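Heads up: the structure comes next, in structure tokens.
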Amino acid sequence: MTANRTVVRGGLVITASDEIHADLLIEDGRIAAVAAHDSSAARAWDDAQVIDATGKYVIPGGVDGHTHMEMPFGGTTASDTFETGTRAAAWGGTTTIVDFAIQSVGRSLRAGLDAWHAKADAQCAIDYGFHMIVSDVDEHSLKEMDILVEEGVTSFKMFMAYPGVFYSDDGQILRAMQRAESNGGLIMMHAENGIAIDVLVQQALEAGRTDPRYHGEVRKALLEAEATHRAIQLARVAGAPLYIVHVSAQQAVAELAAARDMGLPVFGETCPQYLFLSTDNLAEPDFEGAKYVCSTPLRPREHQAALWQGLRTDDLQVVSTDHCPFCFSGQKEMGRGDFSKIPNGLPGVENRMDLLHQAVVDGHISRRRWIDIACAAPARMFGLYPRKGTLAPGADADVVIYDPHAEQVISSQTHHMNVDYSAYEGRRITGRVETVLSRGVPVIDGRTYVGRAGHGQYTPRGTCQYLD
Ligand code: URP
Ligand code: ZN
Ligand code: ZN
């Protein structure tokens with residue numbers, strides 16, 4: 001197979017808007033043409049290398065808009081590097097990630113961004129971009145936001161949680177939102193009332209409630225909903241758009257739905273862990289619950305219906321992973337006897353496309369909605385569309401050949417993420433990635449990894465295309 005001229009023949013091409021039995025012509029890393037299968041136009045491409053996709057789906061490569069490769073957090077560092085994490089992403093049918101560069105308190109945005117470029121440069125198997133975590137709002141960092149937007153870092157994560165780490169107060173958030181209103185940036189909000197949560201954490205620990213399940217109990221759904229509501233009001237005051245990350249509580253979905261019913265430019269993301277896992281996992285005995293500690297936390301399973309509904313009604317637009325893996329051994333174990341010391345985060349970058357295909361099989365969403373929430377919407381949200389997230393002439397040839405009938409069982413024994421457990425261990429999935437092209441170049445070829453660190457390119461982004 002060469003990158004120059006390839007035809008993907010005989011599959012069902014699925015995008016967010018269409019399903020069509022079509023052939024794809026790829027030239028020099030881009031989709032050159034899409035033509036009905038076996039049409040005279042498609043038959044004319046007889047000089048190209050052929051990938052036979054008969055009986056398979058042909059879908060855009062996944063866009064995971066929320067990952068944390070090698071993120072220093074909670075006294076340790078996320079266990080996937082850019083190399084291992086992007087390789088695992090490719091195995092799971094994701095061809096673009098948008099990771100988070102971090103501003104350290106007292107330092108510039110630029111210093112944080114440079115540090116993340118140094119980590120990712122020449123390491124990635126697939127394309128990548130950056131959001132910026134803003135942890136120190138002052139005149140200098142506000143000015144830097146303007147420059148970063150111009151350079152293609154067009155979204156800024158802020159935290160109403162984690163006092164003393166990434167936390168910003170309402171005044172700092174308002175100022176950053178005002179800046180985003182004027183420079184076209186998008187504020188991404190971790191919406192949990194961290195000040196109140198810290199009180200509840202202390203009270204729980206003092207009462208001897210130290211097991212992982214108390215992580216879920218103190219990080220109350222009401223405190224996610226309250227912060228979501230407050231973030232929306234602050235964005236209204238600033239006149240800025242807002243994207244709420246990792247929504248898990250049904251009351252938070254309701255806040256988003258109410259804002260969107262008012263016509264406000266407010267958007268939301270959820271993650272597979274909130275759709276497929278619950279507080280039952282956090283309550284697993286022998287400290288196993290630590291494997292499921294993340295923030296926002298897993299919720300009682302009753303919340304899942306509201307999340308699926310939000311995805312169907314477009315009150316939630318995106319499913320990202322918030323991939324932030326910590327090994328059970330030596331990392332999650334740091335919180336034995338004190339749940340507040342368990343590093344927060346779950347692995348999942350390899351599992352997202354499959355889990356969402358299972359949601360299609362289970363009847364939660366349609367095939368096109370699968371591609372929308374996993375590919376097209378994150379590309380639009382983060383200024384990458386139509387280069388990423390769809391299969392149309394001119395788009396990057398980030399193409400996944402997906403076998404919708406293959407059966408697999410998720411396991412840490414077989415996954416490619418650099419983490420010693422799977423949050424979905426033993427889960428049966430119908431569907432599996434077979435072949436993955438990144439800009440026309442095979443990365444996974446018939447379930448064999450043929451990619452390389454350094455193929456993935458840094459991809460500057462435009463502004464949010466939901467506002468166009
Ligand atoms: O638990 C999580 N979500 N860890 C990653 C950091 C964040 O807040 O997204
Ligand atoms: Zn967060
Ligand atoms: Zn995150």
Side-chain angles (χ1 to χ4, degrees), residues 64-80 85 89 97-104 112 116 128-135 155-168 173 186-194 197-198 201 212 215-216 218-219 223-224 227-228 231 242-249 252 267-275 277 279 281-282 289-299 318-328 331-332 334-335 339-349 352 378 381-382 417 419 423:
D64 190 340
H66 188 154
T67 67
H68 301 280
M69 305 304 172
E70 50 192 287
M71 178 197 194
F73 194 42
T76 183
T77 301
S79 58
D80 262 318
I97 61 164
V98 190
D99 204 90
F100 289 82
I102 301 180
Q103 176 199 24
S104 304
W116 257 258
Y128 63 99
F130 287 123
H131 312 285
M132 189 80 224
I133 288 178
V134 180
S135 10
S155 37
F156 302 90
K157 186 175 178 192
M158 303 193 77
F159 290 78
M160 301 167 107
Y162 307 138
V165 187
F166 297 130
Y167 174 83
S168 293
I173 289 168
L186 179 65
I187 299 295
M188 308 170 74
M189 189 59 71
H190 181 133
E192 287 187 290
N193 186 329
I197 286 169
D198 270 9
V201 169
H215 171 83
V218 298
R219 304 188 85 92
L223 295 177
E224 181 186 343
T228 303
L242 176 66
Y243 176 91
I244 308 286
V245 295
H246 47 52
V247 174
S248 64
F267 309 99
E269 152 201 287
T270 191
C271 310
Q273 51 269 37
Y274 307 119
L275 295 164
L277 305 173
T279 45
N281 299 100
L282 267 175
K291 294 176 176 174
Y292 306 96
V293 166
C294 60
S295 297
T296 59
L298 302 185
R299 301 293 180 194
V318 170
V319 176
S320 304
T321 57
D322 194 7
H323 177 76
C324 190
F326 297 101
C327 289
F328 183 75
Q331 292 194 296
K332 290 289 187 181
M334 291 162 63
F339 68 83
S340 73
K341 294 197 166 58
I342 302 168
N344 283 207
L346 257 62
V349 76
R352 181 183 67 127
M381 194 67 70
F382 302 123
M417 298 175 285
V419 60

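No experiment lies behind these values; they were computed from the predicted model shown. Along the sequence shown, residues are numbered consecutively beginning with 1. Order of appearance sets the numbers: ligands from 1, and atoms from 1 within every ligand.
Salt bridge annotation for Glu192-Arg219: present, with a cationic side-chain nitrogen under 4.0 angstrom from a carboxylate oxygen.
Using a 3.5 Å distance cut-off with no hydrogens or angles, the side chains of Glu269 and His66 do pair a donor with an acceptor. A side-chain donor from one of Thr76 and Gln331 sits under 3.5 Å from a side-chain acceptor of the other.
Geometric assessment of Lys157 against the ring of Phe100 yields a positive cation-pi assignment under the 6.0 Å and 45° thresholds.
The protein residues lying under 4.0 angstrom from ligand 1, judged by non-hydrogen atoms, are His66, His68, Phe73, Lys157, Phe159, Tyr162, His190, His246, Cys294, Ser295, Asp322, Cys324, Asn344, Gly345.
The main-chain N or O of Pro325 is found under 3.5 Å from a side-chain atom of Ser79 such that the two form a donor-acceptor pair.
Taken to the nearest 0.5 Å, the CZ atom of Phe156 stands 13.0 Å off from the CE atom of Met189.
Ring centroids of His68 and His323 are separated by 6.0 Å or more, keeping the two rings apart. Proximity of the aromatic rings of Tyr292 and His215 is defined here by a centroid distance below 6.0 angstrom, and this criterion is not met.
Between Phe130 and Tyr128, the ring planes are perpendicular. Angles over 60° get that label, and only those under 30° would be called parallel.
For the Zn ion (ligand 3), protein N/O/S neighbours under 2.8 Å (waters excluded) are His66 NE2, His68 NE2, Asp322 OD1.
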